[in-house]
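Notes follow the structure.
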Amino acid sequence: MTLGEFLCERRNRLLARVLCAAAAALFLRATGTQTGVLVILLLALFLISGTVLSADFFRRRARLRELSDILDRLDQKYLFAECVPPPENLYERRIFELTRRAGRAMTGAVSDARAAQREYREYVEQWVHEIKTPITAARLVCRELDGETRRRLTGELARIEAHVERALFYARAESPEKDCIIRRTDLNEIVSQALDAHRTLLIQSGVRVEVQDLDCTVCTDEKWAVFILGQLLQNSARYRGEAPVITFSARSLGRQILLTVSDNGIGIPACELPRVFDRGFTGSNGRTRGGSTGMGLYLCRKLAAFLELDLRLVSEEGKGTAAMLTFPAKQNLSKL
């Protein structure tokens, strides 16, 4: 609160006081009060009023700062009314009672929403685990088929598995700390797992994979890192160009490790590059080629932030895209 705001709020009171002082001065003057005495009375009146106003201003400003500091220190802001010191007057007490009632209603709504979200997440996780059984059975049936039918059906099953996996990780991304183990992991092993999981897609897309200098260890959660690399592989295969090649390469940045996943695909238009991590953004390539949900890179950025990975994307339309993942040093990880 500034002095100008304080005076503006009380302008009607100040105007009423000035008018009352003027009326009293006219009355005293009309009754024969000497000018000197009248001036002294007015000065005393204005001095007392100014002192009271100043004291009220500093008291209210200190009170607002105290309340603001309490709110800033709270992680759950909606509990503010439950944590404030006792009200100073009847009006403030009534206001805080109303605020507490509103806060309790909001707390109940938040609790209900969290419970519903938790139930939905548990249902999605259960559904994902259950749907894997018929997918596995369908894969076994595919082995009895021959030729083009087997190839096409295997490819469609791989796409279904990719969507199912994305749904599972999306559900878990709301609380990744419950399913996260940060430890030293061989980078080559992480890349190998991602390649094995998407081998069918890469073969059917005619993608050649090159691996360079991956003999190093990183500090991360292996499962989440494999998922991130899997999303990058799917994008590279979907938006491939002629004679598609995906290259994995790593180099040391002091105590950090930089992993680069590059391809020679169709690339991303420069005007769309800042939005590729937005939830649901598919871009012109996604609309042209179809099959894009706009969730893959969104989940990559969200999970990378939790794992404290720096994920950046550079691309040139018609020449390819490179995703750069910087794994943090062990001593810099806050989740260890």
Side-chain angles (χ1 to χ4, degrees), residues 158 161-162 165-166 168-169 172-173 176-203 205-240 243-265 267-268 273 276-277 296-316 319-336:
E161 281 188 312
E165 182 185 41
R166 193 178 297 116
L168 176 62
F169 277 84
R172 291 178 175 176
E177 67 280 353
K178 296 181 180 180
D179 188 33
C180 179
I181 302 176
I182 304 291
R183 59 187 178 187
R184 296 187 67 86
T185 308
D186 184 57
L187 183 59
N188 192 39
E189 178 63 23
I190 293 176
V191 174
S192 296
Q193 289 186 39
L195 292 174
D196 288 340
H198 297 84
R199 184 178 301 278
T200 301
L201 173 65
L202 297 175
I203 292 175
S205 301
V207 177
R208 181 165 55 89
V209 178
E210 296 181 354
V211 176
Q212 303 172 1
D213 303 323
L214 299 184
D215 295 328
C216 51
T217 58
V218 294
C219 292
T220 189
D221 181 278
E222 183 175 338
K223 181 172 62 176
W224 294 93
V226 168
F227 173 78
I228 293 174
L229 294 183
Q231 298 305 302
L232 299 178
L233 284 172
Q234 290 180 41
N235 284 347
S236 295
R238 180 179 294 117
Y239 305 118
R240 62 188 180 277
V245 179
I246 300 177
T247 303
F248 287 84
S249 60
R251 63 188 178 93
S252 175
L253 301 177
R255 294 179 177 177
Q256 297 177 323
I257 299 296
L258 172 63
L259 173 65
T260 303
V261 184
S262 58
D263 62 51
N264 59 346
I268 304 171
L273 196 57
V276 294
F277 291 108
L297 288 179
Y298 163 76
L299 285 174
C300 287
R301 169 59 64 85
K302 189 170 185 176
L303 297 177
F306 176 78
L307 296 175
E308 300 180 39
L309 305 178
D310 179 35
L311 173 59
R312 291 178 294 119
L313 213 64
V314 296
S315 182
E316 187 174 353
K319 293 188 177 181
T321 303
M324 289 165 286
L325 273 167
T326 304
F327 292 85
K330 182 178 181 180
Q331 59 269 26
N332 295 335
L333 279 167
S334 60
K335 297 178 177 64
L336 281 178

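Here the structure is a predicted model, which means the values were calculated and not measured.
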Item to check | Criterion ring-ring contact (aromatic ring centres under 6.0 Å, His included) on W224 and F306, from CA distance to verdict | outcome: CA-CA 10 Å; W224 294 93; F306 176 78; 7.1 Å; no
Nearest non-hydrogen partners of [X] and [Y], listed with the distance:
X	Y	result
I228	A304	CD1-N, 4.0 Å
G267	T321	CA-OG1, 3.6 Å
L307	A225	CD1-N, 4.4 Å
S236	I246	CB-CD1, 3.4 Å
Q231	C300	CB-SG, 3.4 Å
I257	S252	CD1-CA, 4.1 Å

[Y] and [X], any side-chain heavy atoms less than 4.5 Å apart:
X	Y	answer
Q234	R166	yes
I190	T220	yes
I268	L313	yes
M324	L259	no
V207	D263	no
T185	T217	no
L233	L201	no
K223	Q193	no

Donor-acceptor under 3.5 Å ([X] side chain, [Y] main chain):
X	Y	result
N264	V245	yes
S262	A322	no
R240	A237	yes
S315	G320	yes

Checklist entry - Mind checking whether F277 and Y298 have ring centres under 6.0 Å apart? => result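 Aromatic pair excluded; centres sit 6.0 Å or further apart.
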Checklist entry - Does the side chain to side chain contact (heavy atoms under 4.5 Å, CB included) test come out yes or no for L258 and L325, once each step is laid out? => result CA-CA 6 Å; L258 172 63; L325 273 167; 5.9 Å; no
Next on the checklist: Test side chain to side chain contact (heavy atoms under 4.5 Å, CB included) on R301 and L297; report intermediate values, then the result.
Outcome noted: CA-CA 6 Å; R301 169 59 64 85; L297 288 179; over 6 Å; no
Next on the checklist: Walk me through whether F248 and L195 qualify under side chain to side chain contact (heavy atoms under 4.5 Å, CB included).
Outcome noted: CA-CA 11 Å; F248 287 84; L195 292 174; 3.9 Å; yes
